[in-house]
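I have placed the structure first, in the form of C-alpha cells, so that the comments after it can refer back to it.
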There are 2 protein chains.
Amino acid sequence: MSRTASKGEATRDAILDAAIALAREVGLGALTIGGLAERVGMSKSGLFAHFGAKEELQLATLKAAQLRFDEQVSKVAFQAPRGVERLRALFERWLSWAAAQRQPGGCLMIAAASEFDDVPGPVRDFLAEQQRGWLLGLGRTVQFAIDSGDLPADTDCEQFAFELFGLILSTHHHVRLLNDAHFLASARRGLERLIVAPPRHNA
Amino acid sequence: MSRTASKGEATRDAILDAAIALAREVGLGALTIGGLAERVGMSKSGLFAHFGAKEELQLATLKAAQLRFDEQVSKVAFQAPRGVERLRALFERWLSWAAAQRQPGGCLMIAAASEFDDVPGPVRDFLAEQQRGWLLGLGRTVQFAIDSGDLPADTDCEQFAFELFGLILSTHHHVRLLNDAHFLASARRGLERLIVAPPRHNA
DNA sequence: CATTAAAACGAACGGTCGTGCTAAATTCTC
DNA sequence: GAGAATTTAGCACGACCGTTCGTTTTAATG
C-alpha cells in the first residue's frame, strides 16, 4: 500500500488529524494529551510516546494544519491563472477555510497566533515565521495581478495584503463569534473595493 | 475619601487590575486563581472569596476591561466633534488600545473572543453581546460622518464598520505577532482609503 | 472602646495536568 | 514463522487546578 506508512506514522497522522480538530475547539494551549488520547481511542502514554513533549505535539499540530492549508487553499488557488482571477480564487478558498468550515472551530493558525503572541517559545516563533511567509506570498499574488494589468502599476502590494488579511480576520471574528454567515458577503464586498480602489504608493 | 469604597471593593478592583494584565499575557482561559493571587500578593482562598467561581472572575475581568475601554477609547473620542474628525480620533485611540500599549499583551476582548468563540457559556455570550454593541456604535459614528457631509450619503455604514474592524484586527495581529510597529502606519493608510473611497450601497 | 460584620488566611479535598518508567502487544524483517 | 524492533498500555509521580471549610485577622459601627 502506501510506501512509507509504517504503523507508527499512520497513527501519528490520525492523532494529528484529531489534534487539529480538538485544538480548533478548545485552543492549542488548552489541548490536553489525555483529552486527545480519549478522542483518538488510545492510551495517554501511548499517544505521548509519539511526541515526547507537549510542545512537540503543539508544533506538529500546527505543521499539519499548515500542510492542509497549503493543499486546500494555496494549491487550489494557484490553478487559476495569475491576476485578479487567482486573487479571487485565493480569497474565496481562504474564506471557506477560515470561516465556513463545517466542523466547529475556526482557523487554527489565527487562533493560535492570538493565543501565543505573548508566550515566547518555539510555537510563537513558528507562527511568526509562518505569518511572514504568508504575507509575502499574498504580496506576490497581488504583484501578479499588477503584472497582468488587472491592478494599477502603482498599487501597494504590501498594503493590499495587509488589508486583505484584515478582511479575513474581521470575517473570522464576526462569523465565529456572532454565528452570522452574512459577514461572508461583507468580506467579498471588501475584496471588490480593494480591487476597484486599491491602495497606492505615494498616495 | 471615595464614597463607597469599602475595603472589599478596593481590593476587588486591585484584583481585577491584575487580572486584566495577567489575562492579556496568558489568555483569559489560562488565567489561574493561584497565579493571580500570587501576583496580587494575597492568598488563593482570599481572592477566590471575592468571586465564588472562576467563571465569575472571568466575567468580572471582561467587564472591568470594557469599562477601561469605554473610558480610554470611546469617551475620549466622543470629545471630538461628529464627523471624520471623531472617526479619526476613535480609530487612533482604538489603535493605541489594541496594539500600542506599553504593558505586554494585546486587547483582552479580541483575544478572548478568539479563545471562546467555540466555548458556549456566559463568557462567550457576554463577548458576543459586547461585539454587537460595539459594531452598532461604530456604525453610528460613521453615520455621523455622513450627516456632517464628510462622507457620501450612500456610504454603507455597516460595511464601513466591518472593514474598519478588520484594519484593527490586522494591526493587532501583525504588531503583536511580528513585533513590528510599522503596521500602525498601514492601519492609518487603510483608514484613509476608507474615507477617500468608502464602501457604498448598491455599488 | 466594645461589638459585630467583613475579609483574608491556611490547610485540605478530589481531579487533572505533563511526564517517566516498565512490561505487554503488535508490526516489521529475514 | 522466528527474532528483532517498534508501538502501545499500565501505573505512578509530583505539581497545580478550582473549590470548600473553619479560623483568624482586619475593618466598620455604635
Side-chain angles (χ1 to χ4, degrees), chain A residues 1-20 22-23 25-62 64 112 115-116 119-124, chain B residues 1-20 22-23 25-62 64 112 115-116 119-124:
Chain A
M1 211 162 306
S2 47
R3 272 194 312 116
T4 50
S6 64
K7 178 76 200 313
E9 282 199 41
T11 60
R12 193 189 138 103
D13 285 355
I15 291 171
L16 289 177
D17 269 14
I20 292 176
L22 188 52
E25 292 177 42
V26 302
L28 192 64
L31 218 185
T32 63
I33 295 176
L36 181 56
E38 191 179 13
R39 191 115 143 189
V40 180
M42 64 187 294
S43 74
K44 200 165 64 144
S45 53
L47 190 152
F48 181 80
H50 280 271
F51 305 96
K54 177 170 184 185
E55 197 170 62
E56 282 303 316
L57 168 63
Q58 291 175 324
L59 281 170
T61 305
L62 277 180
E115 216 179 330
F116 284 83
V119 184
V123 173
R124 199 200 114 108
Chain B
M1 211 161 304
S2 47
R3 271 196 313 117
T4 50
S6 64
K7 178 75 199 312
E9 283 199 39
T11 60
R12 193 188 137 104
D13 285 355
I15 292 172
L16 289 177
D17 268 13
I20 292 176
L22 188 52
E25 293 177 41
V26 302
L28 192 64
L31 218 185
T32 64
I33 294 176
L36 181 57
E38 191 179 15
R39 191 115 144 189
V40 181
M42 64 186 294
S43 74
K44 202 166 59 146
S45 53
L47 191 151
F48 180 82
H50 280 271
F51 305 96
K54 177 170 185 185
E55 198 170 61
E56 282 303 317
L57 169 63
Q58 291 176 325
L59 281 171
T61 305
L62 278 180
E115 216 180 330
F116 284 83
V119 184
V123 174
R124 198 200 114 109

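So you know, we letter chains A, B, ... as the sequences are listed, proteins then strands, and number each from 1.
Proximity of a side-chain donor or acceptor of B/E115 to a complementary backbone N or O of B/G29 within less than 3.5 Å is detected. Under the 3.5 Å distance criterion, the side-chain polar atoms of B/Q58 are matched with a main-chain donor or acceptor of B/L28.
Spacing between atom CD of A/Q58 and atom P of C/dG18 amounts to 9 Å, rounded to whole angstrom units. A straight line from CZ of B/F48 to P of C/dC13 spans 18 Å, rounded to a whole angstrom. Rounding to whole angstrom units, CZ of residue B/F51 and P of C/dA8 are separated by 11 Å. A straight line from CG of A/L36 to C1' of C/dG18 spans 13 Å, rounded to a whole angstrom. The CG-P distance, from B/L47 to D/dC17, rounds to 13 Å in whole Å. For the pair A/M42 CE and C/dA25 P, the computed distance is 16 Å after rounding to whole Å. At whole-Å resolution of the value, CD1 in A/I33 and C1' in D/dC13 are 15 Å apart. To the nearest angstrom, P of D/dA15 lies 15 Å from CD of B/E38.
Closest contact between the side chain of A/K54 and the listed nucleotides C/dA8, C/dG18, D/dT8 involves C/dG18. If you check D/dT8, D/dT19, C/dG20 against the side chain of A/T11, the one that comes closest is D/dT8.
On a pure distance criterion of 3.5 Å, no polar donor-acceptor pair joins the side chain of B/K44 and the base of C/dG10. In the interface, the side chain of A/S45 is paired with the base of D/dA9 through a donor and an acceptor atom under 3.5 Å apart.
By the 4.5 Å heavy-atom criterion applied to side chains, B/R124 and B/V119 are not counted as neighbours. Using a 4.5 Å heavy-atom cutoff, the side chains of B/L36 and B/V40 are in contact.
Counting heavy-atom neighbours within 6.0 Å of A/E25 CD, excluding the residue itself, gives a total above 12.
Using a 4.0 Å heavy-atom distance criterion, A/L31 is classed as a sugar-phosphate-only contact. Among the atoms of the strands shown, base atoms are found under 4.0 Å from some heavy atom of A/A49.
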>> side chain to side chain contact (heavy atoms under 4.5 Å, CB included) for A/F51 and A/I15? Distances and angles first, verdict last.
In response: CA-CA 11 Å; A/F51 305 96; A/I15 291 171; 3.8 Å; yes
>> side chain to side chain contact (heavy atoms under 4.5 Å, CB included) for A/K54 and A/F48? Distances and angles first, verdict last.
In response: CA-CA 8 Å; A/K54 177 170 184 185; A/F48 181 80; 5.8 Å; no
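Over its length, the helix from C/dC1-D/dG30 to C/dT27-D/dA4 turns its helix axis by 20°, as judged from the five terminal pairs at each end, rounded to 10°.
Between D/dG10 and A/S43, no contact under 4.0 Å exists linking OP1 or OP2 to a side-chain N or O. Between B/H50 and C/dA8 there is a side-chain polar atom (N or O) within less than 4.0 angstrom of OP1 or OP2.
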